Amino acid sequence: MSAATGRERTSVSRASAVIDLAAIEHNCSRLAAELTGGAELCAVVKADGYGHGAVESARAALAGGARSLAVAAAGEAAELRAALPDARLLVLGALTAAELDLALEADAEVAVWRADFLELVRARGDALARRPRVHVKYDTGMGRLGARDPGAVTALVRDLAGGERAELIGLWTHFATADEPGSRFFDEQLDRFLELALPLREQVPGLRLHAANSAATLREPSSHLDMVRCGIAVYGLDPFGEDPAQRHLRPALELRSYVADVKPFEPGASAGYGQKWRATEATHVGVLPIGYGDGVRRALTNNAEILVGGRRRPVVGTISMDNLTVDLGPEPDVEPGAPAVLIGAQGEDRILAEEVARRLATINYEVTCGISARVTREYPP
Ligand SMILES: Cc1ncc(COP(=O)(O)O)c(C=O)c1O
């Protein structure tokens, strides 16, 4: 019996995310090789490495040439620090006082944009007898975290420069429309940042400027500056929602399950909650033990394809928490035990996270971040 149809299963779990760490390493070296002016690659491994596993992804990214790692939350920094004692870590997000302590204990660099928070950073650093390292965030148009007023940003940088109680490492911003090709707002944000940041770097030697996410890194070399913060491209996913191969990125994640049962359906028989699908002719339905509890969104009901037996099979009926059903046709060529691929390749065909995202009217980020903790992460050697 062939691997595509047989009872033998390559994964150990009902639902597994199989991560190709060599792909992450490849993507990082591909990104690092393209950086201009000596810019360094910082790999963004927040949200458990976009669902790929933070520590494993971080190790692969560092092996591929990333010089530092970024996360959103203090707990994420603590998790990385436990596994990677020497890695350079940056927490991008807002921190409560307790989270700040956790981040500083993890020896992570933190973002500041308010004078009162900087005071807190200094006080907590004093208590820890460790000089916190900080990056001042300038909100050039994202309208989220960061100081919007250029005067306030300059004041923070000047206050920090040469200071004893906290070390100024960087000045940074984040783009709102880097993934929209031709966006003028992207250019405006970059101009706004450079106008303020370049003269400040002259005044504060060693100040590291960073702005680019994956999309900016790929589209605009002048945004590379001293460091780029790439997330999605590290995992081989395309920030523009296209085929990652076009940009020489290799998707690292496959989402796999298997056919737990195959049953004949008479015309008119329905599958799943609410009878959202009925067989129009005699067919066979395959039941896969994976559902929205695993991150396969219910909105894919009657609206997805899954690779089974080396080809695409339509999802039929409602996706439930733990199971979903596919139409295997009147003369099924697969048996219970056959491997199923929800994201990834099988036979000659391939389903990209970008395709799933399009069906859900969302972005590939949400597809992989949404794969739940119940799904076993596997890292084949
Ligand atoms: C502040 C910041 N920088 C960089 C990134 C990485 O972005 P991307 O995954 O698009 O490369 C993110 C991700 O959302 C972010 O929030």
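The structure presented is a predicted model; accordingly, all values stated were derived computationally and were not measured. We count ligands from 1, going down the list as the structure has it; atoms in each ligand are counted the same way.
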Taking every non-hydrogen atom, the tightest pair across L237 and L249: O-CD1, 3.8 Å
So, does S320 use its side chain to make a donor-acceptor pair with the main chain of N323 at under 3.5 Å? yes
The closest protein heavy-atom partner of atom 9 (O) of ligand 1 is Y50 OH, 2.5 Å
Indicate whether any N or O donor in one side chain lies under 3.5 Å from an N or O acceptor in the other, for E220 and S222. yes
Proximal ligand 1 atoms for W172, defined as those under 4.0 Å from one of its heavy atoms: 1 (C)
Heavy atoms of A178 and A216 approach each other most closely as CB-N, 3.8 Å
Nearest heavy-atom pair of P380 and V18: which atoms, and what distance? CG-CG1, 3.4 Å
Could you find the nearest protein heavy atom to atom 14 (O) of ligand 1 and give me its residue, atom name and distance? K46 NZ, 2.8 Å
Identified salt bridge (charged side-chain N to carboxylate O under 4.0 Å, His left out) partner of D226 from the options R67, R208, R201: R201
Among non-hydrogen protein atoms, atom 3 (N) of ligand 1 lies closest to R229 NE, 2.9 Å
Is R144 near ligand 1, meaning one of its heavy atoms is under 4.0 Å from it? yes
Ring centers of H248, H26 separated by less than 6.0 Å: no
Which heavy atom of L145 sits nearest to which heavy atom of W113, and what is that distance? CD2-CZ2, 3.6 Å
How close does the nearest protein non-hydrogen atom get to atom 11 (O) of ligand 1, and which residue and atom is it? S214 OG, 2.5 Å
Ranked by distance from atom 10 (O) of ligand 1, the top protein heavy atom is Y365 OH, 2.5 Å
So for P239, does at least one of its heavy atoms come nearer than 4.0 angstrom to any atom of ligand 1? no
Provide, to 0.1 Å, the distance between atom 5 (C) of ligand 1 and the closest protein heavy atom, together with that atom's residue and name. H174 CE1, 3.9 Å
Ligand 1 N/O within reach of I232 N/O, cut-off under 3.5 Å: yes
Proximal ligand 1 atoms for C230, defined as those under 4.0 Å from one of its heavy atoms: 11 (O)
Residue, atom name and distance, where the atom is the protein heavy atom closest to atom 7 (O) of ligand 1: N213 CB, 3.4 Å
